[in-house]
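Notes follow once the structure below has been shown.
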Amino acid sequence: MKIVIIGSVAAGTSAAAKARRNNEEAEIKVFDADEDISYSSCGLPYYIGPEIEEREQLVPRDANFFKQKYNVDVYTKHCVLEIQPQTKVLTVKNLISGQVFAESYDRLVIATGAQAVVLPIEGSSKANVFSLRNVVSADSIRKHVLTAKPDTAVIIGSGFIGLEMAENLAARGITVTIVELAAHVMPVLDEDVAVYVQDYLKEKGITVIVNDSVVRMAGSQEVDTVILKSGQELAVGLVVMAVGVKPNVELARAVGIAIGATGAIAVNTKMQTNFPDIYACGDCVESYSLITGKPFYRPLGSTANKMGRVAGDQITDGSLEFRGGLGTGIFKVFDMAVAQTGLTEKEAKREGYEVVVCHNIKPDKAEYFGGQDMIIKAVADKKTGKLLGAQIVGKAGVDKRIDVLVTAITFGGKAEDLFHLDLAYAPPFSTTKDPVMYTGMILDNALKAGRNLITPEELKKKIETGEEIQIIDARVAKQYQAGHVTDAKNIPQDSIRQELAAIDKEVPVVTYCNKGVTGNAAQNILLNCGFKQVFNLSGGYKNFEKNNKK
C-alpha cells in the first residue's frame with residue numbers, strides 16, 4: 001500500500017507517524033511546499049521576542065529525522081499542483097529544480113493547513129508589513145525587528161497571535177498599538193471577560209483601539225503611517241496583520257472534495273472526505289461541537305495532532321475516530337493567562353439555549369501562599385443544568401481549572417457535579433473549596449435553590465431604564481463610600497436582619513458585595529425572610545465596576 005500525505009506540520013507528520021506505527025510495509029511519502037516541517041507554530045511569537053533564541057528550538061525535526069525514525073520520505077519545497085481522484089495520481093512540482101512529475105497513491109491524506117488572512121488594504125504589500133503563519137514568516141519579522149529596530153508597531157487584530165505578538169514586540173522595547181474592528185479585544189470571549197484582558201494590556205503599556213479599522217497604510221518603500229477609519233493616524237515602523245487564518249482548501253475544492261459550511265474541508269469521524277480513499281486533517285478541516293453537534297472551525301495545534309493521529313490510524317485500517325471538540329484555547333499575554341472552552345454566553349444564546357451565567361472571582365490558592373484572583377465565567381443550560389462553556393482570566397492556576405471544566409463538559413457534566421469532584425487540595429495549590437467547586441456551587445444555587453444571579457450588564461440596563469428595583473450594598477460603610485452601584489443603599493450584611501422593615505418585599509432586590517460571597521449571604525437572609533425576588537450581583541461590585549468604567 002502506498003500512502004501519500006500533503007502537508008508536513010502538526011497533522012501531516014502525526015498521520016505519517018501513526019500510519020508507520022500501524023504498518024511497517026506501507027510506502028509513505030509526504031510532500032510540502034514549505035522548507036520546514038513539524039515545527040511549533042504556537043511558539044513563533046516567542047521566537048520574534050527574546051524568549052526563544054534559536055530557530056532550531058522551533059524546528060527540532062527535519063526530513064532526515066523522519067526517514068531514520070519512521071522510514072517516511074518527506075519532500076520539502078515540493079508543491080502538489082493537482083489531485084486526480086479517478087486515477088489516484090498527483091501532479092507535483094519540485095520548487096527548487098522546477099521539475100513536474102506524477103506521483104501515484106492508494107490512500108491520500110490532505111493536511112494543507114491554513115494561511116493568514118491578508119486584508120486588501122492600500123500599502124499592505126510594503127516591506128515592513130507582515131503576517132505570521134510559518135517559520136519563514138517569523139524569520140522575516142525577527143530580522144526586521146533586529147536590524148531595522150523599529151520604535152513603534154501596529155498590530156491589526158487582537159486574537160491569540162495578535163496579543164502574543166504584542167507581548168513579544170513590547171519585550172523588544174517596541175511601543176505597540178493594537179487596532180481591533182470589534183467592540184473589544186479577543187472577540188472569541190464575551191465582552192465582560194475581555195475587559196479584564198483589555199485593561200491589563202493598557203496597564204502593560206499597550207495602546208488598544210477598538211471599534212476601528214485600518215483603511216490605508218502610507219509610505220514610500222515602507223509604511224510610516226497607518227490611517228484608521230476614524231481618521232486617526234498612527235506613526236509606525238512595523239505592521240503585523242493578525243486578523244485570523246483561513247483554511248487552505250483550493251487544491252481540494254478543485255477536484256470536487258466537499259467543503260463544509262465553515263469553508264473548511266468536510267470530513268466524517270474517520271477524517272474521510274467524500275472520496276473514500278482521500279482523508280483530510282488539521283487546520284484545513286472543520287471540526288464539530290461536542291455540545292451542539294454542529295460543524296465549527298477553530299484551528300489549533302492540539303486538534304491538528306489529534307486529527308492527524310486518527311487519519312493515520314484509519315488509512316492503515318485502524319478503528320480510531322475523531323469525537324469532536326470544544327474549541328478549547330489558552331494563551332498568555334505578559335503575566336496573564338486567558339482560557340476558553342465550549343460556548344460563550346453570546347454563542348449559547350445564539351444557539352437557542354436559556355442560560356444561567358455566573359462570574360466567580362477566587363484566588364488560585366491560599367492567599368498566604370501568594371494566591372491571586374482569577375475570574376471564572378461559566379455558562380450552564382437552565383433546562384438541563386449541563387455546563388456549556390467557561391472562560392477564565394488570571395495570573396496563576398488558569399490552565400488547571402480550564403482543563404477540569406473541559407473534562408466535565410466533555411463527559412456531559414452538570415453544574416451540580418463540580419462541587420462533588422474530588423480535587424487535589426493543599427494550600428500551595430488550591431483553596432479548600434477549589435474555584436471550580438465554587439463555580440458549580442454558584443450555578444447550582446441559581447439553577448435549583450432560587451439564588452438567582454444578575455449580571456452587571458443586566459443590572460445596568462435596569463438602572464438606565466428606571467425599572468423599579470432595590471439595590472443593597474452589603475459591604476461595610478467604608479467600602480461603600482469608596483465606590484458603589486448607582487442608587488444602591490448601604491446595609492451591611494450583619495445589619496440586614498435589623499433593617500428588614502426598610503426593604504419593600506414587593507419590589508425586586510439586588511444584593512452585592514465585593515466579589516459575591518457576602519452578597520449571597522445577604523440574599524439568603526432576604527429569601528429566608530419571605531422576600532420573593534432577590535438577585536445577587538454576579539461577580540460583585542468588582543465585576544460591575546470593571547464592566548462599567550467610563
[Y] backbone acceptor or donor facing [X] side chain under 3.5 Å:
X      : Y      : result
His144 : Val129 : no
Arg298 : Gly327 : yes
Thr316 : Asp313 : yes
Gln198 : Val185 : yes
Ser430 : Ala426 : no
Ser38  : Arg61  : no
Glu351 : Tyr353 : no
His78  : Thr76  : yes
Asn268 : Gln272 : yes

Within this structure, what is the [atom1]-[atom2] distance for the pair [X] and [Y], rounded to the nearest 0.5 Å?
X      : Y      : atom1 : atom2 : value
Asn23  : Lys18  : CG    : NZ    : 12.0 Å
Cys284 : Tyr297 : SG    : OH    : 7.5 Å
Arg401 : Leu423 : CZ    : CG    : 8.5 Å
Ile315 : Asn22  : CD1   : CG    : 9.0 Å
Asp73  : Ile5   : CG    : CD1   : 11.5 Å
Tyr288 : Arg323 : OH    : CZ    : 9.0 Å

Between [X] and [Y], does at least one N-O distance fall below 4.0 Å, as a salt bridge requires?
X      : Y      : value
Asp36  : Arg55  : yes
Glu103 : Lys93  : no
Asp283 : Arg133 : yes
Asp417 : Lys386 : no
Lys77  : Asp32  : no

Can you tell if the side chain of [X] reaches within under 4.5 Å of the side chain of [Y], non-hydrogen atoms only?
X      : Y      : value
Val145 : Leu169 : yes
Val72  : Val30  : yes
Ser287 : Met307 : yes
Glu191 : Val195 : no
Glu286 : Phe296 : no
Met217 : Val239 : yes
Met241 : Ile155 : no
Val393 : Met336 : yes

[Y] and [X] side chains, donor-acceptor separation under 3.5 Å:
X      : Y      : answer
Thr112 : Asn248 : no
Asp192 : His359 : yes
Lys362 : Asn360 : yes
Tyr47  : Asp139 : yes

Notebook entry, point to check: Could you go step by step and tell me if Val379 and Thr344 meet the side-chain contact (heavy atoms from CB on, under 4.5 Å) rule?
Noted result: CA-CA 7 Å; Val379 182; Thr344 61; over 6 Å; no

Check: So Arg21 and Tyr70, side chain to side chain donor-acceptor pair (under 3.5 Å) or not? Walk me through it.
Finding: CA-CA 8 Å; Arg21 291 187 187 103; Tyr70 297 110; 3.3 Å; yes

Next item on the list: Among Thr273, Thr303, Val267, find the one that has a side chain to side chain contact (heavy atoms under 4.5 Å, CB included) with Val285.
Entry: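 Answer after filtering Thr273, Thr303, Val267: Val267.
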
Note to self: Against Thr341, only a single residue in Ile409, Leu387, Ile330 fulfils side chain to side chain contact (heavy atoms under 4.5 Å, CB included); can you say which?
What the structure shows: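 Running side chain to side chain contact (heavy atoms under 4.5 Å, CB included) over Ile409, Leu387, Ile330 with Thr341 returns exactly one hit, Ile409.
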
Next item on the list: Using the salt bridge (Lys or Arg N to Asp or Glu O under 4.0 Å) rule, take Lys67 and Asp62 through it: C-alpha gap first, then chi angles, then the decisive distance, then the call.
Entry: CA-CA 9 Å; Lys67 182 64 176 176; Asp62 59 13; over 6 Å; no

Checklist line | Verdict with reasoning, Gln391 to Asp190, per side chain to side chain donor-acceptor pair (under 3.5 Å) | finding: CA-CA 8 Å; Gln391 301 156 69; Asp190 284 322; 2.9 Å; yes

Check: When you look at Ser104 and Lys2, which way does the side-chain contact (heavy atoms from CB on, under 4.5 Å) test go after all the steps?
Finding: CA-CA 8 Å; Ser104 64; Lys2 184 176 180 181; 3.4 Å; yes

Checklist line | Sequence-distant partners of Lys332, side chain to side chain donor-acceptor pair (under 3.5 Å), two or more places apart | finding: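 Once residues adjacent in sequence are excluded, the partners of Lys332 under the side chain to side chain donor-acceptor pair (under 3.5 Å) criterion are Glu167.
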
Next item on the list: Decide side-chain contact (heavy atoms from CB on, under 4.5 Å) for Ile3 and Tyr105; before the verdict, give the C-alpha distance in whole Å, the side-chain angles of both, and the deciding distance to 0.1 Å.
Entry: CA-CA 6 Å; Ile3 296 168; Tyr105 66 85; over 6 Å; no

Margin query: One pair to check against side-chain contact (heavy atoms from CB on, under 4.5 Å): Lys69 and Arg20. What are the steps and the verdict?
Written below: CA-CA 10 Å; Lys69 186 173 181 66; Arg20 176 57 75 214; over 6 Å; no

